[in-house]
Amino acid sequence: MDTTALDIITSDFYRALSFRNHPDYELNATDIEAFFYGDGFMIDNGFKEPVIYTAESYLKNIISLVADREIENYMRRELSARTEFFGKIAHRTSVYEYSFDDHQLPNPTRGIAYIQFVWVDGNWKIVSMIWADENEERRIEA
């Protein structure tokens with residue numbers, strides 16, 4: 001199958017998660033939730049214990065961090081991907097980079113996300129996403 005649709009969805013999803021501190025900017029939960037089938041699950045497994053979110057609770061957490069001025073900017077983008085299809089399901093291994101400071105940092109943090117999609121009503125939707133950032137114990141091969 002052609003990966004073009006999932007390339008676009010993943011790029012658009014990462015772009016929707018990204019923001020810059022700007023007085024007119026407001027995180028829009030509807031924009032993020034539209035990528036998901038049902039509640040969606042997002043799991044950050046880069047800590048001692050997994051942190052599990054629904055799409056809605058992830059956005060609430062980000063909105064709270066922005067309101068408390070713990071983060072002001074966030075950028076995430078895909079560097080490379082491999083996608084496997086089986087009928088109306090797809091699994092994507094997405095190598096990404098992100099930054100909390102500036103969208104053009106020379107060495108942003110990298111990680112790997114596994115994203116599962118389902119084909120429903122003529123569209124691909126995210127069912128779940130689990131990710132972990134690269135660190136000294138986990139390195140992404142070039």
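All figures in this text were calculated on a predicted structure; none of them were measured in a lab. Counting from 1, the numbers follow the sequence of the chain as shown.
From T54, atom OG1 reaches atom CG of L59 across 9.0 Å, with rounding to the nearest 0.5 Å. Atoms CZ and OG, from R77 and S94 in turn, are 12.5 Å apart once rounded to the nearest 0.5 Å. For the atom pair CG of D12 and CZ of R15, the computed distance is 5.0 Å after rounding to the nearest 0.5 Å. Between the CD1 atom of I43 and the OH atom of Y58 there is a distance of 13.5 Å, given to the nearest 0.5 Å. The OG atom of S80 lies 8.0 Å from the CD1 atom of I112; values are rounded to the nearest 0.5 Å.
When the side chains of ILVMFWY residues are joined at heavy-atom separations under 4.5 Å, either directly or via intervening members, V51 and L17 end up in a single hydrophobic cluster. In the hydrophobic cluster analysis, where Ile, Leu, Val, Met, Phe, Trp and Tyr join through side-chain heavy atoms closer than 4.5 angstrom, I52 is grouped apart from V127. Linking Ile, Leu, Val, Met, Phe, Trp and Tyr whenever their side-chain heavy atoms come within less than 4.5 Å leaves V120 and F41 in two separate clusters. Taken together through direct or relayed side-chain contacts under 4.5 Å among Ile, Leu, Val, Met, Phe, Trp and Tyr, F86 and W124 form parts of separate hydrophobic clusters. By the criterion of side-chain heavy atoms lying less than 4.5 angstrom apart, applied directly or through intervening Ile, Leu, Val, Met, Phe, Trp or Tyr residues, M42 is grouped together with I71 in one hydrophobic cluster.
Y98 is linked by a ring-ring contact (aromatic ring centres under 6.0 Å, His included) to Y74, F100, counting only residues two or more places apart in sequence or in another chain. Among residues two or more places apart in sequence or in another chain, the ring-ring contact (aromatic ring centres under 6.0 Å, His included) test is passed with Y37 by none.
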Would you check, one step at a time, whether the test side-chain contact (heavy atoms from CB on, under 4.5 Å) holds for F117 with T10?
CA-CA 10 Å; F117 296 87; T10 304; 3.7 Å; yes
Steps toward side-chain contact (heavy atoms from CB on, under 4.5 Å) verdict (K60, Y53)
CA-CA 10 Å; K60 285 181 179 180; Y53 303 97; over 6 Å; no
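Between the side chains of Y96 and D133, at least one donor N or O lies within less than 3.5 Å of an accepting N or O. Between S18 and R76, the side chains place no donor N or O within less than 3.5 Å of an acceptor N or O (distance only, hydrogens not considered).
Closest of all the heavy-atom pairs between P50 and N45 is CG-OD1, 3.3 Å. For R92 against A81, the heavy-atom pair with the smallest separation is NH2-CB, 3.4 Å. Nearest heavy atom pair, residue M129 against residue Q116, reads N-OE1, 4.5 Å.
Formation of a donor-acceptor pair under 3.5 Å by the D68 side chain with backbone atoms of E70 is not found in this model. At distances below 3.5 Å, not a single donor-acceptor pair connects side-chain atoms of E134 with backbone N or O atoms of R110.
In this structure, D44 and W131 have side chains that are in contact, with non-hydrogen atoms separated by less than 4.5 Å.
Aromatic ring centres of F36 and F13 lie closer together than 6.0 Å. Separation of the W119 and F85 ring centroids does not fall under the 6.0 Å cut-off.
Residue I115 forms a side chain to side chain contact (heavy atoms under 4.5 Å, CB included) with just one option from L6, T93, I126, I130, and that option is I126.
Environment of OH in Y14: crowded, with over 12 heavy atoms of neighbouring residues, nucleotides or ligands closer than 6.0 Å. Crowding of R82 atom CZ: a count of heavy atoms from other residues, nucleotides or ligands under 6.0 Å not exceeding 12.
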